[in-house]
Amino acid sequence: MGQMDTLQKSSTSATKKKMRITGSEAVILSLLEEGVDTIFGYPGGAIMPIYDSLYHYQDKINHLLVRHEQGAAHAAQGYARVTGDVGVCFATSGPGATNLMTGIADAQIDSTPIVCITGQVPAHLLGTDAFQESDVLGISMPVTKWNFQITNPDEIPGAVARAFYIARTGRPGPVLLDITKNAQFGELDFEYTPCEKIRSYHPYPPVNTTDIKDAARVINSAEKPYILVGHGVLISGAEKEVLELSEKANIPVASTLLGLSAFPPDHPNYVGYLGMHGNYAPNVLTNECDVLIAVGMRFDDRVTGDINQYAVKAKVIHIEIDPSEIDKIIKTEVGINADAKQALERLNPKIEKADHKAWIEEFRKLEKIEYDKVVKRDIYPEGEQIKMGEVVRMLSEISNGEAIVVTDVGQHQMVASRYYKFRKPNHIVTSGGLGTMGFALPAAMGSQIGKRDEKVIAIAGDGGFQMTLQELGTIAQYNIPVKIVVLNNNFLGMVRQWQQLFFEKRYSFTEMTNPDFIKIVDGYGIPSKRVSERKDLQSAMQEMYDHDGPYFLEVTVEMEENVFPMVPSGDSVSNIRLE
């Protein structure tokens, strides 16, 4: 969004008393003004003054020392996703800052509001290749909603205010502030004014009345309407409005990966989960609907498959707060550039009651086919080996679908998304657009800190778990009561599945020789158990769930299990495979 310009001042700013303090203390006081109560971070030389100031505010801000900066970014993501607040993380310059980038990129594509604060070498050393100097602004520019380098202490309060405003408004996203060491040591007359407006930035576009009328006309004339809900429904808090629209006109509803938990899973109008490994009916019948109502989603390639063979009979209505997403991938009949909740509040009164029972019944027929060919064998298997689906099904039953489930990326992610019944909004936390292995463990930490009184369960594969398992140290140090389930098949399972199906079983570097996870976890003092036989699974999972504190459960699952249904990459959603 360019470099810093004048912030809009609220009318109350003149009444606030100024204090002469250091820039590092101004950072902490600014965060407190924004209501920050938790920071995930890792200290180092270039951010040491800020940490020194933080030392004096430990009674007001909870700082968790992660074991790797990537873990700090993912933990901030988890915190933000379950609370709806902005997550905050700290890192030092150079490698500390660059280690944040994976988490920042993940937050950008999944619309997660985090503010990352990095230390930087003194301003007079910028561009000299000083020790632990890196071009953090240049590196982070493509993956942040806004970034800014502070070289003068006077800039700190305004920059922090602007960062939080940008991160949380409109389509949320990550913001990075890079603060030189001299700005941290320097002094300023501190006063803080929250940012309420930025010239040329309009995060909430007004709802266009003509677009609403056009959308209502198209929906009211539909014979086979179909609602797709995405992450934007949860971000805007539009779950009630989507439910009202669905019930008023009896319209079937399907969910994207990040839209899971936005619609009740047991509702008669809910038809399942979209995507490459989603449910059979919602994928196939995308090409039979005559009106497609997409709410808060961006038509990711994992949802659409071949866009030339997607929604071929449908008039598309796209409700989306980010104008760049409308008509970017799928051409619309009506594009409504607005907040999902605001748009649906205007649209629903214009929708006529309708009966689409026959259309919904088409979903139920295909649902039965999928159950008989795929679901039944996944969640109630007959063989000796434990399957991923039965683990998730048991977990869903034990928790009554009310736990916060944080998944890593891979086969287990798809299975968890298919078989866990999310009964509460914002109770799935997963890496969607970037597909970041190693996401689950640190994101689960952040989720648990954000929702201290709720059960948080991390589900990971043996591959992803090893990418960030050092965060067991953070979990142990702060006794974070997250429950960790590793589904171990000694493979990079999703890659292996593709190699089996599309590369003639050439398993090129996907089989893993894993360490003894139980010994590693024991080293951190975390209770653990390994299960390899079905007779022990139920009791072990109940023990884990009931345990007061962190717990690690390793489940040995079938080595060459595949996840179906599956839309082959680049194929039509109509060609989804059941085996």
Side-chain angles (χ1 to χ4, degrees), residues 109-111 224-234 238-239 242 245-246 251-265 267 269-307 309-314 316-320 325 328-330 332 340 359-360 362-364 366-367 369-371 374-375 407 409 411 413-422 425 428 430-433 435 494 563-578:
I109 199 165
D110 283 352
S111 305
K224 294 183 176 182
Y226 186 16
I227 299 172
L228 309 184
V229 294
H231 192 199
V233 172
L234 293 161
E239 301 92 338
V242 169
L245 174 61
S246 173
I251 304 174
V253 177
S255 168
T256 67
L257 174 63
L258 293 184
L260 287 168
S261 79
F263 199 85
H267 194 283
N269 287 359
Y270 185 65
V271 296
Y273 157 54
L274 291 160
M276 178 174 279
H277 291 286
N279 294 115
Y280 187 54
N283 277 297
V284 170
L285 294 179
T286 298
N287 281 336
E288 296 300 322
C289 69
D290 60 357
V291 173
L292 189 68
I293 309 159
V295 187
M297 60 168 287
R298 58 187 180 83
F299 290 109
D300 180 81
D301 62 284
R302 285 299 191 260
V303 167
T304 65
D306 181 1
I307 60 173
Q309 302 180 67
Y310 180 80
V312 293
K313 300 178 182 179
V316 176
I317 298 168
H318 193 181
I319 301 174
E320 170 59 48
E325 296 292 351
K328 183 174 84 172
I329 297 171
I330 300 298
T332 61
W359 169 228
I360 292 177
E362 291 186 38
F363 287 88
R364 300 299 171 221
L366 296 184
E367 190 177 274
I369 292 173
E370 181 183 354
Y371 183 85
V374 178
V375 176
T407 81
V409 171
Q411 287 182 316
Q413 177 190 33
M414 299 295 98
V415 171
S417 303
R418 286 174 53 78
Y419 297 127
Y420 194 90
K421 303 297 184 184
F422 296 95
I428 176 171
T430 192
S431 172
M494 187 61 81
V563 181
F564 287 105
M566 179 180 185
V567 179
S569 181
D571 206 344
S572 167
V573 291
S574 297
N575 295 331
I576 187 169
R577 296 173 53 170
L578 290 173

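Residue numbers start at 1 and run along the sequence shown. Note: hydrogens, waters and symmetry copies are ignored here, and every other heavy atom, side chains too, is used. For clarity, every value in this text was computed on a predicted model and none was experimentally measured.
- Here the CZ atom belonging to Arg298 is positioned 10.5 Å from the OG1 atom belonging to Thr304, to the nearest 0.5 angstrom.
- With hydrogens and angles disregarded, a donor-acceptor distance shorter than 3.5 Å links the side chain of His318 to the backbone of Met297.
- Atom CD of Glu320 is separated from atom NZ of Lys328 by 9.0 Å, given to the nearest 0.5 angstrom.
- With Asn279 contributing its side chain and Val271 its backbone, the two residues share no donor-acceptor pair below 3.5 Å.
- Between the CG atom in Leu260 and the NZ atom in Lys421 there is a gap of 10.5 Å [rounded to 0.5 Å].
- Remark: side-chain polar atoms of Asn269 are not paired, donor with acceptor, to backbone N or O of Val253 under 3.5 angstrom.
- Ring-plane geometry between Phe299 and Tyr310 is classed as perpendicular, the angle between the planes exceeding 60 degrees on a 0 to 90 degree scale with a lower cut at 30.
- Nearest heavy atom pair, residue Ala281 against residue Glu367, reads CB-N, 4.2 Å.
- In terms of heavy-atom proximity, Ala254 sits nearest to Pro282 at CB-CB, 3.9 Å.
- Taking the side chain as every heavy atom from C-beta outward, Arg577 and Pro568 approach each other to under 4.5 Å.
- In this structure, Leu257 and Gly432 approach most closely via the heavy-atom pair CD2-CA, 4.0 Å.
- Side chain of Asn287 to main chain of Ala311: a donor-acceptor pair is present (N/O by atom type, distance under 3.5 Å, no hydrogens or angles).
- Contact check for Val567 versus Asn575: no side-chain heavy atoms found under the 4.5 Å cut-off.
- Minimum interatomic distance between Thr286 and Leu274 (heavy atoms only, all atoms of both residues): OG1-CD2, 4.3 Å.
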query: Given Lys224 and Lys313, is the side chain to side chain contact (heavy atoms under 4.5 Å, CB included) satisfied, shown in steps?
result: CA-CA 10 Å; Lys224 294 183 176 182; Lys313 300 178 182 179; over 6 Å; no
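- Of all non-hydrogen atoms in Ser572 and Asp306, the two that sit nearest each other are N-CB, 4.1 Å.
- Here the closest non-hydrogen pair linking Gly232 and Ala340 is O-CB, 4.2 Å.
- To the nearest 0.5 angstrom, Tyr280 atom OH is 9.0 Å from Leu285 atom CG.
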message: Could you walk me through whether Asp300 and Thr256 satisfy the side chain to side chain contact (heavy atoms under 4.5 Å, CB included) test, starting with their C-alpha distance in whole Å, then the side-chain angles of each, then the deciding distance to 0.1 Å, before giving a yes or no?
response: CA-CA 9 Å; Asp300 180 81; Thr256 67; over 6 Å; no
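- Applying side-chain contact (heavy atoms from CB on, under 4.5 Å) to Val316 and the options Thr332, Val291, Ile293 leaves one that passes, Thr332.
- Of the residues Val295, Val242, Val233, the one that meets the side-chain contact (heavy atoms from CB on, under 4.5 Å) test with Ile319 is Val295.
- Contact check on Arg418 versus Glu370 returns a salt bridge, with a Lys/Arg side-chain nitrogen under 4.0 Å from an Asp/Glu carboxylate oxygen.
- Between the side chain of Gln413 and the main chain of Ser431, a donor-acceptor pair closer than 3.5 Å is present.
- Ser246 places a side-chain N or O within donor-acceptor distance of the main-chain N or O of Ile251, the cut-off being under 3.5 Å.
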message: Before you tell me yes or no, could you show the steps for Met566 and Val374 under side chain to side chain contact (heavy atoms under 4.5 Å, CB included), namely the whole-Å CA-CA distance, both residues' side-chain angles and the distance that decides it to 0.1 Å?
response: CA-CA 11 Å; Met566 179 180 185; Val374 178; over 6 Å; no
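- Ile576 contributes atom CD1, which lies 10.5 Å from atom CG of Asp571 (distance to the nearest 0.5 angstrom).
- The line from CG of Asp290 to OH of Tyr226 is 13.0 Å long, rounded to the nearest 0.5 Å.
- Note: Trp359 and Phe363 have perpendicular aromatic rings, judged against thresholds of 30 and 60 degrees for the angle between ring planes.
- Distance alone, capped at 3.5 Å, places no donor-acceptor pair between the Asn283 side chain and the Val573 backbone.
- Counting only distance, with no hydrogens or angles, the side chain of His231 and the backbone of Ser111 share no donor-acceptor pair below 3.5 Å.
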